[in-house]
> 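Right, I'll just put the structure down here and ask away after.
In what follows, chains carry the letters A, B, and so on, assigned in the order in which the sequence lines appear, proteins first and then strands, with residues in each chain numbered from 1.
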There are 2 protein chains.
Amino acid sequence: MTLQPFNIGGLSRQTGVNIETIRYYEKIGLLPPPARSQGGFRQYEDHHLQRLRFIRRGRDLGFSIDSIRALLTLAERPDSPCEGADQMVLLHLDEVERKIADLTLLRDELRKMKNCCGQVVAQCQIIGSLTAPGSAQQDAI
Amino acid sequence: MTLQPFNIGGLSRQTGVNIETIRYYEKIGLLPPPARSQGGFRQYEDHHLQRLRFIRRGRDLGFSIDSIRALLTLAERPDSPCEGADQMVLLHLDEVERKIADLTLLRDELRKMKNCCGQVVAQCQIIGSLTAPGSAQQDAI
DNA sequence: CATGGACCCTGGAGCCACTACAGAGTCAAC
DNA sequence: GTTGACTCTGTAGTGGCTCCAGGGTCCATG
Ligand SMILES: [Zn+2]
Ligand SMILES: [Zn+2]
Ligand SMILES: [Zn+2]
Ligand SMILES: [Zn+2]
């Protein structure tokens, strides 16, 4: 079942990927260049749609372009072992967990800072804690 | 007590800010240009150190350069009210909390994906869930 | 006074993953 | 044939740095 080819706008609508981004993916070799109409319009087919959905989902999961490239290469060889993919997920999960931990510390610091209701800058806890780090609870500078 | 001026390397060591970054901050007008030695070396003084520490702390808390610029402007007017600073902390806290929530969803998805022990790509859950989104638990494509 | 080595200078390019144009051309419906 | 939505290319910009080449400076030794 070979469907009608569609323009870049159609591909964009079906994937939620920005047109400019689609062209960018082609430029960096992530999406193969499609056939062109007589006037030069890109004409995509179903396999482009599949591939772009894969890419989109990978990006949504926070994988880098390079990781997605590797995952796509893997996906093209159905008989090869998938340890590589496992590794990449684990690595990325670590990364995400570290980021959450960092942001949680940040959040706690910001929460400590936020109770400074309508003073003047000279007595402001926020400005104070930026000026003299270590304690967000301290008095003014 | 006016201490001896120090070079960019000294400022870098005392703040933990990269030399290139210090020059960058000067270029974008975040750190005022210091005096120069006869040979053209930058000669920093105590107030540069204070200001750069403020910047560094702001960056560590995840504030954007523009926010830090605004906070610095505020800090220079000790008699003005500090509502602006309060606002910025609250906004940024929101941002951080949203980021944590997003990453937590991501983390959960990645955790669901990660149990694919040594199969072949054609049966791989990871590749599968990237190919056909919606369920990371599903069988192979 | 000369030399060595640590330090510093400028200007520009590169990073990531897009996004935003400008100025032109194409396609299909009416 | 005209409209108007769509698409094309190429370039530049975003944030916040980071790195480099190809030089110049500073000061403690010999
Ligand atoms: Zn990752
Ligand atoms: Zn305040
Ligand atoms: Zn913020
Ligand atoms: Zn697998």
> With a 4.0 Å cut-off, would you call B:Arg23 and B:Glu20 a salt bridge?
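So B:Arg23 pairs with B:Glu20 through a salt bridge.
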> Choosing from D:dG16, C:dC27, D:dT7, which nucleotide comes nearest the side chain of B:Ser64?
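My answer, after comparing the listed nucleotides, is D:dG16.
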> So how far is it from B:Lys99 NZ to A:Asp102 CG, rounded to the nearest 0.5 Å?
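Between atom NZ of B:Lys99 and atom CG of A:Asp102 there are 11.5 Å.
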> Measure from CD on A:Glu20 to C1' on D:dA12 and round the result to the nearest Å.
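Distance check: A:Glu20 CD to D:dA12 C1' gives 13 Å.
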> Could you go step by step and tell me if B:Asn7 and B:Tyr44 meet the side chain to side chain contact (heavy atoms under 4.5 Å, CB included) rule?
CA-CA 6 Å; B:Asn7 286 344; B:Tyr44 292 101; over 6 Å; no
> Expressed in angstrom and rounded to an integer, what is the separation of B:Glu26 atom CD from C:dG11 atom C1'?
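Checked: the CD to C1' distance equals 14 Å.
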> Using whole Å, what does the distance between atom P of nucleotide C:dA17 and atom CG of A:Leu52 come to?
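My rounded result for the distance is 16 Å.
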> Using a heavy-atom cut-off of 4.0 Å across all strands, would you classify A:Arg23 as base, sugar-phosphate, or nothing?
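Base contact.
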> Nearest whole Å is fine: how far is D:dG15 P from B:Leu30 CG?
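It is 13 Å, rounded to the nearest whole Å.
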> Using OP1 and OP2 only, check whether a side-chain N or O of B:Arg42 sits under 4.0 Å from C:dC8.
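It does not, given that no N or O in the side chain of B:Arg42 lies less than 4.0 Å from OP1 or OP2 of C:dC8.
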> Need to verify one output field. Residue with the more 5' nearest nucleotide on DNA chain D, B:Ile65 or B:Gly39?
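So the residue in question is B:Ile65.
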> Does C:dA17 have OP1 or OP2 sitting under 4.0 Å from an N or O in the side chain of A:Tyr25?
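For A:Tyr25, the contact criterion (side-chain N or O under 4.0 Å from OP1 or OP2 of C:dA17) is not met.
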> So, is A:Asn7 close to the D:dC6 phosphate, meaning a side-chain N or O under 4.0 Å from OP1 or OP2?
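Indeed not, no polar side-chain atom of A:Asn7 lies that close.
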> Name the residue closer to the 5' end of DNA chain D, choosing between A:Arg13 and B:Asn18 according to the nucleotide with the nearest heavy atom.
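Mapping each residue to its closest nucleotide by heavy atoms, the 5'-most match is A:Arg13.
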> Would you mind classifying the nucleic acid contact of A:Phe63 as base, sugar-phosphate or nothing, using non-hydrogen atoms under 4.0 angstrom?
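A:Phe63: no heavy atom of the nucleic acid under 4.0 Å.
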> Considering heavy-atom distances to DNA chain C, does A:Gly40 or A:Lys27 have its closest nucleotide positioned more toward the 5' end?
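Residue closer to the 5' terminus by nearest nucleotide: A:Lys27.
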> For the pair made of CZ in B:Phe41 and P in C:dC8, what is the distance, rounded to whole Å?
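Nearest whole value for this atom pair: 7 Å.
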> Could you state the CG-C1' distance from B:Asp60 to D:dC17, rounded to the nearest angstrom?
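About 14 Å, once rounded to whole Å.
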> Between A:Ser37 and C:dC27, does any side-chain N or O lie under 4.0 Å from OP1 or OP2?
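Yes.
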> Base, sugar-phosphate or nothing for B:Ile19? Non-hydrogen atoms, less than 4.0 Å.
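Touches sugar-phosphate only.
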